[in-house]
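Everything numeric in this text was worked out from a predicted model, so none of it was measured.
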Amino acid sequence: MTARAFSSEPLVSDEGEVLLVRRQALSDTTVHALTPAEWDILAQQFRDVVPEQTAVYACARWGEKRVRCLSVTQSGQLIGGAVLIDFTVPLVRRGLSVIKFGPLWRRQQEPDDAARLANVVSALQQQVAIEDKRCLVINPLPDPLAEGRMADVLQAHGFWHCGSTADPARYLVNLGIDLDAQRASLHGKWRYNLKKAQSNRLDVGVEEGEAGLSAFMALYDAMLSRKRFHDRSAIDALPAMLQADVPSLRPEIVIARLDGRPTAGAVISRAGDRAIYLFGASDERALPAKAGYALHWWIVERLTGSGCLWYDLGGAEGDAGLAQFKRQFVGARGVITKRLDEFAFAADPASRLLAKAAFTLREAKRRWPGRAEATSG
C-alpha cells in the first residue's frame, strides 16, 4: 500500500460540506498492513500508545477479523500508524473504519513534530477513505498539553466533526509533581478520606499471574451481582491482555486487602506516557473502609517518578458519586477534559451516507433510548 501526501485547501460545496481540492505532491510516505503481533512490537515505540491502540486488546474486544493494523513510514522510517476497527455493510461492501484514541505519532525519546502528525493523518486518510473507499472515523486521545491540536489537524484535512462521546469528561491526575504537591492538590474531602483509609491498615500491592486475576475477578463478579447493572465494559479482554506477547503491554492488577481478604482492586495499564485505570472492583467492605482511597493513592505513589505524565481515571459513565470521587482526586493540579470529540472523513458517497446514517441513529438512541431501540429493531 502506498499513500501519497497531498497539500489541500478547504472548499465549501453548495450543501455546506467541506471537500478537498488536492494537489498531488511528491512523497515517499507508505502505509503498511501489519499482523497483530507485528503491530504490538512497533506500538511500544510510541509515547501515545494506549490499550485501544494495541492489537492484543482490539482483537480480544472486537474479534481479529474486524481489526486492521496500519503503520506509516516516511523515507523508510516509522512515523506512526493506528489500529482500526472495520464495520462493514455486506451487500454494499462499504462501511466505517474507526480509530479509537489514535493515531499514534509521538515517538519515544523524540520531540513532538506537527508535520509528522499531519503526514500520518494524510497517509491514513488516503489509504482508508480514498483507496479503500471507507469512512474513516477518528476519536482522538485527549492531550492535556496541547488541547485541540489533533482536532485542528483533522479539520485542516477535511474531516467533519461528527459528535462527542456520551461520557465526555475524562479525569487525569497530574503525575508531574511530587507526592507532597500531589497531596496538597487533592480536594480537602478526598484528603480527609485518605487519612481515614490509611488508619484502617489496608494492605495494597500488585498481585501477578492467575492468583491476581482470580482475586480481581472474584471482586468484579461480586460487584456486578451487588449493583445489578448491565456490564458493557471490555473485561473479557483482560485475560488476553495479561498474556500479551509484548511484556510492556501487559497491565498490572493492584489489590487492596482488608484483614487478609481482597476488598478492592484495579487494573492499570502503563504502556506509554500515561497510566490508565482500565477496570475497578470492590466488595461491600470497601466503602466503609475507604479502600478506594488507599488503593488509588498507592497507585499514584507507585507511578510518581516512573516516567508517566498522567494517571488517566477514564470517565464516570453518568455516576454522580464516581464523578465526585474522580474530580476530587484530580484536584487543583490535574485536568478534566470537557469533551471527547469524534471526526469523520469519506471521499466515497456511499460510505459518507452510511456514516451519516450511523451517526444519526446513534444520536437518536442517546436522546430517546427506548424509542430508538424499538425503531431499529
Counting neighbours of CD on Glu64 that are heavy atoms of other residues, nucleotides or ligands and sit closer than 6.0 Å, is the number greater than 12? no

Output all residues satisfying ring-ring contact (aromatic ring centres under 6.0 Å, His included) with Phe87, sequence neighbours left out; order by chain, then residue number. Trp62

Got a second to check how far Leu154's CG is from Glu342's CD, nearest 0.5 Å? 12.0 Å

pair Ile268-Leu278: side-chain heavy atoms closer than 4.5 Å: no

Once you round to the nearest 0.5 Å, how far does NZ of Lys100 lie from CZ of Arg61? 8.0 Å

Which residues satisfy the ring-ring contact (aromatic ring centres under 6.0 Å, His included) test with Tyr277, sequence neighbours excluded? His296

Any salt bridge (Lys or Arg N to Asp or Glu O under 4.0 Å) pairs touching residues 287-312, not counting sequence neighbours? Arg170-Asp312, Glu252-Arg302, Arg274-Asp312

Tell me which pairs pass salt bridge (Lys or Arg N to Asp or Glu O under 4.0 Å) where either residue lies in residues 205-225, with sequence neighbours left out. Glu207-Arg257

Rounded to the nearest 0.5 Å, what separation is found between the CZ atom of Arg327 and the CG atom of Leu313? 12.5 Å

Closest heavy-atom contact between Leu354 and Gly95? CD1-N, 4.2 Å

With sequence neighbours excluded, residues passing ring-ring contact (aromatic ring centres under 6.0 Å, His included) with Tyr57: none

Option among Ser351, Ser97, Cys135 that satisfies the side chain to side chain contact (heavy atoms under 4.5 Å, CB included) test with Val128: Ser97

Ignoring hydrogens, what is the shortest heavy-atom contact between Cys308 and Leu303? Give both atom names and the distance. SG-CD2, 4.5 Å

Tell me the closest heavy-atom pair linking Val300 and Thr304, and the distance in Å. O-OG1, 2.7 Å

Is a donor on one side and an acceptor on the other found under 3.5 Å between the side chain of Gln127 and the backbone of Asp132? no

For the residue pair Thr73 and Thr29, establish whether any side-chain heavy-atom pair is separated by less than 4.5 Å. no

Asn139 side chain to Asp341 main-chain N or O, any donor-acceptor pair under 3.5 Å? yes

So which pairs with a foot in residues 180-195 pass side chain to side chain donor-acceptor pair (under 3.5 Å), sequence neighbours left out? Asn193-Tyr293

Check: Ala347 main-chain N/O paired with Arg352 side-chain donor or acceptor under 3.5 Å: no

Of the non-hydrogen atoms in Pro111 and Arg116, which two are nearest, and what is the gap between them? O-NH1, 4.2 Å

Gap separating the NE2 atom of His157 from the CD atom of Gln125, nearest 0.5 angstrom: 6.0 Å

Validation row: Val254, Trp298 side chains within 4.5 angstrom (heavy atoms): yes

Contacts of type ring-ring contact (aromatic ring centres under 6.0 Å, His included), residue Tyr171, not counting sequence neighbours: none

Residues Pro103 and Ile99: closest non-hydrogen pair is N-CG2, 3.9 Å

For residues 234-257, the ring-ring contact (aromatic ring centres under 6.0 Å, His included) pairs (sequence neighbours left out) are none

Verify same cluster id: Phe279, Met223 (apolar side-chain graph, 4.5 Å): yes

Within 6.0 Å of CG in Asp245, more than 12 heavy atoms from elsewhere: no

What heavy-atom pair brings Trp39 and Val83 nearest, and what distance separates the two atoms? NE1-CG2, 3.2 Å

Give a yes or no on whether Glu317 atom CD has more than 12 heavy-atom contacts from other residues, nucleotides or ligands under 6.0 Å away. no

Any ion pair linking Asp273 and Arg106 (charged N to carboxylate O, less than 4.0 Å)? yes

Sequence-distant partners of Ser199, side-chain hydrogen bond (donor to acceptor under 3.5 Å, both in side chains), two or more places apart: none

Are Tyr220 and Ser225 close enough, and set up right, to give a side-chain hydrogen bond (donor to acceptor under 3.5 Å, both in side chains), and what steps lead you there? CA-CA 9 Å; Tyr220 194 87; Ser225 298; over 6 Å; no

Verify, without hydrogens or angle tests, whether Asn200 (side chain) and Leu202 (backbone) share a donor-acceptor contact under 3.5 angstrom. no

Arg250 and Gln243 side chains, donor-acceptor separation under 3.5 Å: no

Between Arg134 and Asp348, does at least one N-O distance fall below 4.0 Å, as a salt bridge requires? no

Heavy atoms, side chains only, cut-off 4.5 Å: are Ser71 and Leu78 in contact? yes

Min side-chain heavy-atom separation His32-Leu70 under 4.5 Å: no

Under 3.5 Å, is there a donor-acceptor pair linking the side chains of Thr88 and Arg94? no

Please tabulate, one pair per line, all N/O donor-acceptor pairs under 3.5 Å involving side-chain atoms of residues 259-266, not counting sequence neighbours.
residue : atom : partner : partner atom : Å
Thr263  : OG1  : Asp283  : OD1          : 2.6
Thr263  : OG1  : Ala286  : N            : 3.2

Sort and list the pairs that fulfil salt bridge (Lys or Arg N to Asp or Glu O under 4.0 Å) and have at least one residue in residues 38-55, not counting sequence neighbours. Arg47-Asp112

Taking Ser122 for the side chain and Asn119 for the main chain, is one N or O donor matched with an acceptor at less than 3.5 Å? no

Can you find a side-chain donor-acceptor pair between Asp28 and Gln74 that sits under 3.5 Å? no

Would a 4.5 Å heavy-atom cut-off, applied to side chains only, mark Val98 and Leu84 as touching? no

What ring-ring contact (aromatic ring centres under 6.0 Å, His included) pairs are there with at least one residue in residues 96-119, not counting sequence neighbours? none

Flag the pair Phe159 / Phe345 as yes when their ring centroid distance falls below 6.0 Å, and as no otherwise. yes

Can you confirm whether Val56 sits close enough to Pro36 that some side-chain heavy atom of one is under 4.5 Å from a side-chain heavy atom of the other? no

Donor-acceptor pair, side chain of Glu110 and main chain of Arg107, under 3.5 angstrom: no

Are the side chains of Leu309 and Leu175 in contact, using a 4.5 Å heavy-atom criterion? no

